[in-house]
Number of protein chains: 2
Amino acid sequence: MTKKSADPADTTVPAARQVPMRDFSRSLPMSLLRAREAVMRQFRPSLREHGLTEQQWRILRALASIEAVEVTELARTAFLLGPSLSRILRDLEARDLIERRTAKADQRRSMVSISKEGLKLMAAVAPTSEAIYAEITRRFGASKLAELQEMLGELEQSLAGLGSADDTLADG
Amino acid sequence: MTKKSADPADTTVPAARQVPMRDFSRSLPMSLLRAREAVMRQFRPSLREHGLTEQQWRILRALASIEAVEVTELARTAFLLGPSLSRILRDLEARDLIERRTAKADQRRSMVSISKEGLKLMAAVAPTSEAIYAEITRRFGASKLAELQEMLGELEQSLAGLGSADDTLADG
DNA sequence: CGCATTCACTTAACATGTTAAGTATCTCGC
DNA sequence: GCGAGATACTTAACATGTTAAGTGAATGCG
């Protein structure tokens with residue numbers, strides 16, 4: 001732990017230390033991953049008590065503020081890929097937390113909405129969830145939190161359209 | 001795509017709009033998730049070309065700077081859970097990218113190190129990876145990037161020891 | 001020593017991420 | 001109105017995340 005072992009005079013090195021790269025643990029992806037994990041660790045226990053995973057909760061929340069959405073738009077909102085969403089919707093429907101009906105105008109489209117059961121579950125989870133979020137805000141600082149979110153948004157913007165030319169998740 | 005289809009005249013509202021919560025898409029977990037995805041989207045194609053996943057790459061990078069580590073410490077460094085690491089090490093070993101030997105002092109421990117093949121692969125991937133990182137830094141701004149990482153670290157610190165009392169991943 | 005406990009790791013089971021292929025429906029040009 | 005292409009989703013296949021249980025080896029205590 002306290003042993004750096006990055007000693008230039010270390011002659012016992014079998015193979016390593018030959019590929020020059022940034023310190024791995026300080027890379028941006030790792031920072032983001034660790035930060036997000038630190039945050040989600042706070043929420044998971046509460047969600048778990050209600051039999052919900054993080055993604056299922058995202059979907060319910062996305063549905064709570066609207067009447068009904070197509071699957072594709074829901075995927076964009078909840079930031080899930082189609083296949084993941086497809087599976088989760090199947091399960092949520094089996095649990096009667098959501099409802100699905102085929103759009104009249106376009107038989108390909110499936111309109112998804114939250115059910116009465118789903119709303120009841122949300123009402124049960126929301127207070128705890130909000131309390132946790134409030135505690136995180138208190139610990140980190142509200143203004144700092146806002147600033148962080150601002151920077152995260154800017155980072156996203158910086159990289160928009162850099163990757164694949166056909167970024168499906170891009171905001172039309 | 002350009003069709004919103006959120007018809008206000010749809011009087012068939014089933015249930016929604018009854019659970020008061022923050023705007024879902026502006027929650028901290030979502031911001032972190034989107035930001036990280038925006039970043040990783042840049043790296044994945046290059047890694048994929050070399051037959052590596054993001055996690056495999058994390059492991060190789062973690063191994064490149066040391067001689068050998070126990071699996072448990074590697075898990076902490078690469079920020080992977082034991083079971084995931086166990087599987088990935090099995091695969092990387094089958095591909096001769098890493099080597100494993102049981103510790104003499106403690107037969108339970110398994111010492112992992114990167115192989116010559118692994119180093120060769122890293123040497124092949126590193127340039128592109130560094131170039132991508134440089135481009136991200138250029139786009140977002142070096143000082144802003146440093147500031148962001150600083151804030152992410154603080155966020156982590158804020159939440160350390162809030163979740164489970166026995167946070168195994170805590171830095172000793 | 002004997003044995004319960006702890007430890008390091010693996011396996012198992014289920015859920016999601018990710019890419020590719022499949023299916024049904026729609027659109028459009030002709 | 002028909003057939004090629006686009007669209008909206010689903011299924012499939014493989015890899016990882018996550019939790020729980022299993023296995024073998026070390027520790028500690030009587």
Spacing of [X] atom [atom1] relative to [N] atom [atom2], expressed in whole Å:
X: Glu37(A); N: dG17(C); atom1: CD; atom2: P; result: 14 Å
X: Arg100(A); N: dA8(D); atom1: CZ; atom2: P; result: 16 Å
X: Asp106(B); N: dG24(D); atom1: CG; atom2: C1'; result: 11 Å
X: Leu81(B); N: dT16(C); atom1: CG; atom2: P; result: 16 Å
X: Ile59(B); N: dC9(C); atom1: CD1; atom2: C1'; result: 14 Å
X: Arg48(B); N: dT18(C); atom1: CZ; atom2: C1'; result: 8 Å
X: Leu74(B); N: dC9(C); atom1: CG; atom2: P; result: 10 Å
X: Arg95(A); N: dC14(C); atom1: CZ; atom2: P; result: 15 Å

Would you tell me if any nitrogen or oxygen in the side chain of [X] comes within less than 4.0 Å of OP1 or OP2 on [N]?
X: Gln55(A); N: dG17(D); answer: no
X: Thr72(B); N: dA8(C); answer: no
X: Gln107(B); N: dC9(C); answer: no
X: Thr53(B); N: dT16(D); answer: yes

What nucleotide among [options] has an atom nearest to a side-chain atom of [X]?
X: Arg109(B); options: dC9(C), dT16(D), dT25(C); result: dC9(C)
X: Val71(B); options: dT10(C), dT16(C), dT18(C); result: dT10(C)
X: Ser84(B); options: dT16(C), dC9(D), dT18(D); result: dT18(D)

Sugar-phosphate, base or nothing in reach of Ser110(B), heavy atoms under 4.0 Å
sugar-phosphate

Give one of base, sugar-phosphate or nothing for Leu85(A), where a contact means two heavy atoms less than 4.0 Å apart.
nothing

Short N-O contact, [X] and [Y], less than 4.0 angstrom:
X: Arg44(B); Y: Glu37(B); result: yes
X: Lys120(B); Y: Glu117(B); result: yes
X: Glu135(B); Y: Arg138(B); result: yes

Base dC9(C) paired with Arg108(B) side chain (donor-acceptor, <3.5 Å)
no

Test for a donor-acceptor pair under 3.5 Å between the base of dG17(D) and the side chain of Arg87(B), counting only N and O atoms.
yes

Less than 4.5 Å apart, any side-chain heavy atom of Ile114(B) and any of Ile66(B)?
no

Contact check, side chains of Ile59(B) and Leu97(B), non-hydrogen atoms, under 4.5 Å
no

Most 5' of Gly82(A) and Leu33(A) on DNA chain D, judged by nearest nucleotide
Gly82(A)

